[in-house]
Amino acid sequence: MRPVGKHVAEAQSDDDAAWDKLLLLAKQPPGSLRGDRRRLGGQPKGHAAAGDGDFPAPSLRDLYLPLLEAGPTVAVAHLGQSLDGRIATASGASHYVTGEQDILHNHRMRALCDAVLIGAGTVRHDDPQLTVRLCSGRNPVRVVVDTDRRLDIGYQVFRDSSAATLLLTAEDKAGATATAARHGTAEVVGIPRLGQGLCPQAIRRTLAARGIARLFIEGGGITVSRFLEAGGLDFLQVTIAPLIIGSGRMGISLPQVRTLSESIRPPVRYFRFGADLMVECDLRGMGA
Ligand SMILES: NC(=O)c1ccc[n+]([C@@H]2O[C@H](COP(=O)([O-])OP(=O)(O)OC[C@H]3O[C@@H](n4cnc5c(N)ncnc54)[C@H](OP(=O)(O)O)[C@@H]3O)[C@@H](O)[C@H]2O)c1
């Protein structure tokens, strides 16, 4: 029998090799990978995988390859929540609801996508860098949604130059002059309003026109809910941690429905992240 340490080292090196392969595939346009399963070493789960030898860590392939294959553009949102559906305490503390495997997953999603988008509330509370630090891969473009341009320029995403940053704001707040078109190091882009916020579909079109085909929406709950309500998501990933906060900021929050037949019941996939469970909803074809 081989020593346990050797198994662990081999699994790690398989993960590293699989990850390098996924990063290479992420450089190709979405949609261009479809129909090429054999070359990618992938078969649907439960089938004999003709090319499995070519893809060293099938679990990474099964999780990430379908997201890379989707297209021509794809938007994936993620939330980490408690058993009672909270993504943070009432005061906004959210570090960390989910465990380290889910945090690593967030960094992997950043690395595979062209851009990572967050709402103004998350910038206010977390002041995140939105860079790729826990795995290899390049930093995505950072996109901040701030309808009325209330965030000041003191936040990290507007100060450091580790990645290009776009500030999406209502067209009437974007300003016409060259100075107004910058917010710290970020480029300001005007988007049409929809209800209380910006139009998620217009956000997707604007980003796609700038070459952002794969979009990762990392929160918070208001932002993800607005995209979901507008039919602006292809996939929604919710990682549930075995924790009850009991009060606090909600993850998904949508207008009321009268009967359960009006609720969204999408096809799902399940992934275990240590003590957490990620449920990935496939929203394609479900309409707004
Ligand atoms: N557990 C997790 O997975 C996770 C992930 C991210 C963040 N968080 C936590 O969640 C909290 C923040 O979440 P949140 O739900 O309160 O806020 P949020 O979604 O980060 O930001 C909400 C704000 O963003 C702007 N916004 C978002 N979508 C918009 C759209 N389509 N159009 C226009 N504006 C849009 C609005 O700003 P204005 O009101 O200024 O118009 C809105 O109030 C923080 O405590 C953070 O730590 C948790």
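All values below were derived from every heavy atom in this structure, side-chain atoms included, with hydrogens, water molecules and symmetry-related copies excluded. Positions are given from 1, in the same order as the sequence printed here.
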Is there side-chain contact between Thr165 and Tyr155, with at least one heavy-atom pair below 4.5 Å?
no
Take Arg149 and Leu167 through the test side-chain contact (heavy atoms from CB on, under 4.5 Å) and record every step on the way to the result.
CA-CA 8 Å; Arg149 203 169 170 176; Leu167 174 70; 4.0 Å; yes
Is there a donor-acceptor contact under 3.5 Å from the side chain of Arg86 to the main chain of Ala88?
no
Measure the shortest side-chain to side-chain distance between Thr98 and Phe273 over non-hydrogen atoms and say whether it is less than 4.5 angstrom.
no
Is any side-chain heavy atom of Arg214 closer than 4.5 Å to one of Leu68?
yes
Distance in Å, Ser253 OG paired with Glu229 CD, rounded so as to fall on 0.5 Å steps:
9.0 Å
Let me check something: do Val97 and Met278 share a hydrophobic cluster, defined by ILVMFWY side-chain heavy atoms less than 4.5 Å apart, either directly or through other members?
no
Given 3.5 Å as the limit, does a donor-acceptor pair link the side chain of Asn139 with the main chain of Ser162, or not?
yes
Side chain of Asp84, backbone of Ile245: donor and acceptor closer than 3.5 Å?
yes
Evaluate whether atom CD1 of Ile244 has more than 12 neighbouring non-hydrogen atoms of other residues, nucleotides or ligands under 6.0 angstrom away.
no
Kindly compute the distance separating CZ (Arg249) from OG (Ser91), expressed to the nearest 0.5 Å.
7.5 Å
Specify the closest pair of heavy atoms between Pro266 and Met286, including all atoms of both residues, with the distance to one decimal.
CB-SD, 3.4 Å
Whether Gln81 side chain and Val238 backbone form a donor-acceptor pair below 3.5 Å
no
Without swapping roles, check the side chain of Glu280 against the backbone of Arg269 for a donor-acceptor pair under 3.5 Å.
no
Is Val189 linked to Phe227 within one hydrophobic cluster, defined over Ile, Leu, Val, Met, Phe, Trp and Tyr using a side-chain heavy-atom separation of less than 4.5 Å?
yes
With a cut-off of 6.0 Å (strictly less than), are more than 12 heavy atoms of other residues, nucleotides or ligands near CD of Glu262?
yes
Heavy atoms, side chains only, cut-off 4.5 Å: are Val74 and Leu67 in contact?
no
Measuring from atom CD1 of Ile191 to atom OG1 of Thr147, what distance do you get when rounded to the nearest 0.5 angstrom?
10.5 Å
Just wondering, do Arg226 and Val145 contact through their side chains at under 4.5 Å, heavy atoms?
no
Check for a donor-acceptor pair, side chain of Arg142 on one end and backbone N or O of Leu130 on the other, with a separation under 3.5 Å.
no
Value rounded to 0.5 Å, distance of OG1 in Thr223 from CG in Leu228:
12.5 Å
Show the numbers, then the answer: is there a side-chain contact (heavy atoms from CB on, under 4.5 Å) between Leu151 and Arg124?
CA-CA 7 Å; Leu151 293 173; Arg124 258 182 231 120; 3.7 Å; yes
Closest contact, heavy atoms only, Arg110 versus Thr131
NH1-O, 2.6 Å
Looking at Asp114 and Arg138, does any basic side-chain N land under 4.0 Å from a carboxylate oxygen?
yes
Is Val224 linked to Leu168 within one hydrophobic cluster, defined over Ile, Leu, Val, Met, Phe, Trp and Tyr using a side-chain heavy-atom separation of less than 4.5 Å?
yes
Tell me the closest heavy-atom pair linking Gly92 and Asp126, and the distance in Å.
O-OD1, 4.3 Å
Between Thr122 and Glu218, is there a side-chain heavy-atom distance shorter than 4.5 Å?
no
Could you give the distance from OH (Tyr64) to CG (Leu22), rounded to the nearest 0.5 Å?
8.5 Å
Do Ile87 and Ile252 share a hydrophobic cluster, counting only Ile, Leu, Val, Met, Phe, Trp and Tyr and linking them when any side-chain heavy atoms are less than 4.5 Å apart?
yes
According to a 4.5 Å side-chain heavy-atom criterion applied to Ile, Leu, Val, Met, Phe, Trp and Tyr, with indirect links allowed, do Tyr96 and Leu104 form part of one hydrophobic cluster?
yes
Could you tell me whether a side-chain N or O of Arg284 sits under 3.5 Å from a main-chain N or O of Asp234, the two making a donor and an acceptor?
no
Do the side chains of Asp172 and Arg193 get close enough for a salt bridge, i.e. N-O under 4.0 angstrom?
yes
Compare every heavy atom of Pro128 with every heavy atom of Val157, then report the nearest pair and how far apart it is.
CG1-O, 3.4 Å
With a 4.5 Å limit on heavy-atom distance, are the side chains of Arg182 and Glu187 in contact?
yes
What orientation do His78 and His105 show, parallel under 30°, tilted 30 to 60°, or perpendicular over 60°?
tilted
Leu254, CG atom: more than 12 neighbouring heavy atoms under 6.0 Å:
yes
Do the side chain of Asp282 and the main chain of Pro267 share a donor and acceptor less than 3.5 angstrom apart?
no
Heavy-atom distance under 4.5 Å between the side chains of Asp152 and Phe158, does that happen here?
no
Would Leu166 and Arg210 satisfy side-chain contact (heavy atoms from CB on, under 4.5 Å), going step by step from the backbone distance to the final call?
CA-CA 11 Å; Leu166 302 177; Arg210 288 170 168 257; 3.7 Å; yes
To the closest 0.5 Å, what do you measure between CG (Asn106) and CE (Met109)?
8.5 Å
Given side-chain contact (heavy atoms from CB on, under 4.5 Å), test Phe216 with Leu112 step by step and report yes or no.
CA-CA 9 Å; Phe216 180 46; Leu112 293 178; over 6 Å; no
Pro200 to Leu194 - nearest heavy-atom pair and separation
CD-CD2, 3.9 Å
Thr239 side chain to Asp102 side chain, donor-acceptor N/O pair below 3.5 angstrom:
yes
For Glu100, look at atom CD and say whether over 12 heavy atoms of other residues, nucleotides or ligands are found less than 6.0 Å away.
no
Restricting to non-hydrogen atoms, name the atom on Asp20 and the atom on Ser136 that form the minimum distance, rounded to 0.1 Å.
OD1-OG, 4.1 Å
Any side-chain to backbone donor/acceptor pair from Asp146 onto Ala120? Under 3.5 Å, distance only.
no
